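Read through the structure below, which is laid out as structure tokens, and then see the notes.
Side-chain atoms are counted along with the backbone in the values below, which use heavy atoms only and exclude waters and symmetry mates. In this chain, numbering begins with 1 at the start of the sequence shown. Just so you know, these numbers come straight off a predicted model, no measurement behind them. For ligands, and for the atoms within them, numbers begin at 1 and follow the listed sequence.
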Amino acid sequence: MTLKLYDTLTREKRLFVPTDPDRVTMYVCGPTVYGFAHIGNARPVVAFDVLFRLLRHLYGEKHVVYARNVTDVDDKINQKAADEGVEIGVITERYMAAYLEDMDALGALRPTHQPRATDYIQAMVDDIAGLIARGGAYEAEGHVLFDTQSARDYGMLSGRSLDDMIAGARVEVAPYKRHPADFVLWKPSKPHEPRWPSPWGDGRPGWHSECSTMIERVLGLPIDIHGGGIDLVFPHHENELAQARCAHDGAEFARYWMHNGFLDMAGEKMSKSLGNVIIPHELLQKVPGEVLRWALLSAHYRQPLEWTESLLDQSRKALDRIYGALQDAARVVGDGVVSPHPGRLVAPVLEALSDDINTPLALSGLFRLSDELRETIAGGDRDAIASAMHDLTSAGALLGLLQTPPAVWFQGGAGDDLKSQVEALLVQRAQARAGKDWPTADRIRGELDALGVVVMDGPQGATWRIKEA
Ligand code: AMP
Ligand code: ZN
């Protein structure tokens, strides 16, 4: 199976060939930890999680190294700590923990490495000093700036010229800059701000330096895949690339650059600054993470995705339909059944993902497998059912979906009290039925109905689910 990925740098879909198939490397820019992630921030996490799973499937789990950084030094963090009157570490620890909790709930595997910027400050200082020595950066008023005019190919990733950048006013003009597009590698800290010693005075690194240093130290150059949201192409990734090329005589930095499109609401990018954010941390109280994950994967990662209530409804219904087939199958052959044909390939889903991570097509592949499962259930051949069930759940695993036992899926949202009440009533009902006491059995069914529960009888006994609203 060949994998094709769209590369932002060459602007084409290309065959994916890693530098070393025994060590495939991927880096995705991670969060700045000063608040809860919004669902737009979760889009790159989930999209690149699917790529991570696919690479592990293709190259072997031990042969894929995925790093996602944590930016734990930033003006917004300082501001948040000052607002709350707490230490910076309180803020970063709180939101890093919340981030991981939320991304776990969305079914994202933890990356192999999660380097924190503050653990790499000395390495950043060394790298910045190296850039100055090579004539690619200069010191001015306690700042160190990257000299964009010294970088012949500056703009190669985003396709902008230096003139475009000034005209588009995407760069900050400052008196100490030689050119308005020059960007900060190191800056002085104000009193009360975190600071580290450097040859240019106490201060802290700029954001772009963090990633280029950590990529090199954690993964080694060149990396195979560099990912993030489309808004990172310029200036963040352009600047990471410029630094790496300056430091290594123009050598390759990342072999494939991948960028996800925006998640929008009412046609506008979801962003903290616009204030139109939906926070998984809150949404997850009402909606299972798997529903959010399905919704995030329902559009191709490079396309915009409009976030609506009806998207959530459709995603839940889609999962209900497929889990329904799995539950019917489990009623015949039992949960956790082992396929008589293990290792059979998850063809439609694998093919779709291998074509630049086409998740909408992969999700329709799950529907196809679920329809096939329904047909085998109708046919009644237990081996065929077990095998079709296995195909569906292993295809789901590639997407990080369908790994919940169907009974648990349908009982999602039921509190422990309700669960024990229902289980007790089901035992009484089974006893009544065994004793042919039909009036009691019927009365208990009525009680279950009143609790908002549907009972489904099968050869393995009765199972139940929460009634749909
Ligand atoms: P930030 O915290 O803004 O640096 O964003 C973290 C990650 O989320 C980056 O990869 C961004 O490109 C991505 N991102 C932020 N907002 C959105 C959005 N509305 N849709 C998709 N990706 C986003
Ligand atoms: Zn980055």
Checking the N or O distance criterion of under 3.5 Å, is ligand 1 in contact with R43? no
Is there a polar contact between ligand 1 and G228, counting only N or O atoms under 3.5 Å apart? no
Could you tell me whether N41 approaches ligand 1 through its side chain, its backbone, both or neither, with non-hydrogen atoms closer than 4.0 Å? both
As a test of the contact definition, would atom 5 (O) of ligand 1 count as having a protein heavy-atom neighbour under 4.0 Å? yes
Please state which protein non-hydrogen atom is closest to atom 13 (C) of ligand 1 and give its distance, to 0.1 Å? P44 CG, 3.8 Å
On the 0 to 90° scale, with breaks at 30° and 60°, tag the H208-F183 ring pair as parallel, tilted or perpendicular. perpendicular
Identify the closest protein heavy atom to atom 20 (N) of ligand 1: which residue and atom is it, and at what distance? L263 N, 2.7 Å
Enumerated ligand 1 atoms positioned under 4.0 Å from heavy atoms of N260: 21 (C), 22 (N)
Is the F410 ring parallel, tilted or perpendicular to the Y323 ring (thresholds 30°, 60°)? perpendicular
Among the N, O or S atoms that E240 has, which is closest to the Zn ion (ligand 2)? OE2
Among the N, O or S atoms of H236, which one sits nearest to the Zn ion (ligand 2)? NE2
4.5 Å side-chain heavy-atom contact, W307 and R43: no
Quick check: does H237 put an N/O/S atom under 2.8 Å from the Zn ion (ligand 2)? no
Examine ligand 1 and decide if any of its atoms is less than 4.0 Å from a heavy atom belonging to G261. yes
What residue and heavy atom of the protein are closest to atom 9 (C) of ligand 1, and at what distance? L232 CD1, 3.8 Å
Between T19 and D224, does any side-chain donor sit less than 3.5 Å from a side-chain acceptor? yes
Considering only the protein, which heavy-atom contact is closest to atom 10 (O) of ligand 1, and what is its distance? G229 N, 3.0 Å
Going by atom types only, do Q243 and N239 share a side-chain donor-acceptor pair under 3.5 Å? no
Out of the candidates D49, V46, L363, only one should pair with L399 under the side chain to side chain contact (heavy atoms under 4.5 Å, CB included) rule; please name it. L363
If you measure only the distance, is there a donor-acceptor pair under 3.5 Å linking the side chains of E240 and Y27? no
Any idea which heavy atoms bring A362 and A352 closest together, and the distance? N-CB, 3.5 Å
Quick test: of every protein heavy atom, which one is nearest to atom 12 (O) of ligand 1, and how far off is it to 0.1 Å? D231 OD1, 2.4 Å
Give a yes-or-no answer on whether the side chains of D127 and T213 include a donor-acceptor pair shorter than 3.5 Å. yes
Name the closest protein heavy atom to atom 19 (N) of ligand 1, giving the residue it belongs to and the distance to 0.1 Å. M270 O, 2.8 Å
Side chains of Y120 and N69: do they bring a donor and an acceptor to under 3.5 Å? no
Just say parallel, tilted or perpendicular for the rings of H226 and W257, cut-offs at 30° and 60°. parallel
Backbone or side-chain N or O of G40 under 3.5 Å from ligand 1 N or O: yes
Within the 4.0 Å heavy-atom cut-off, what H38 brings close to ligand 1 is side chain
Judged by non-hydrogen atoms, does H259 sit under 4.0 Å from ligand 1? no
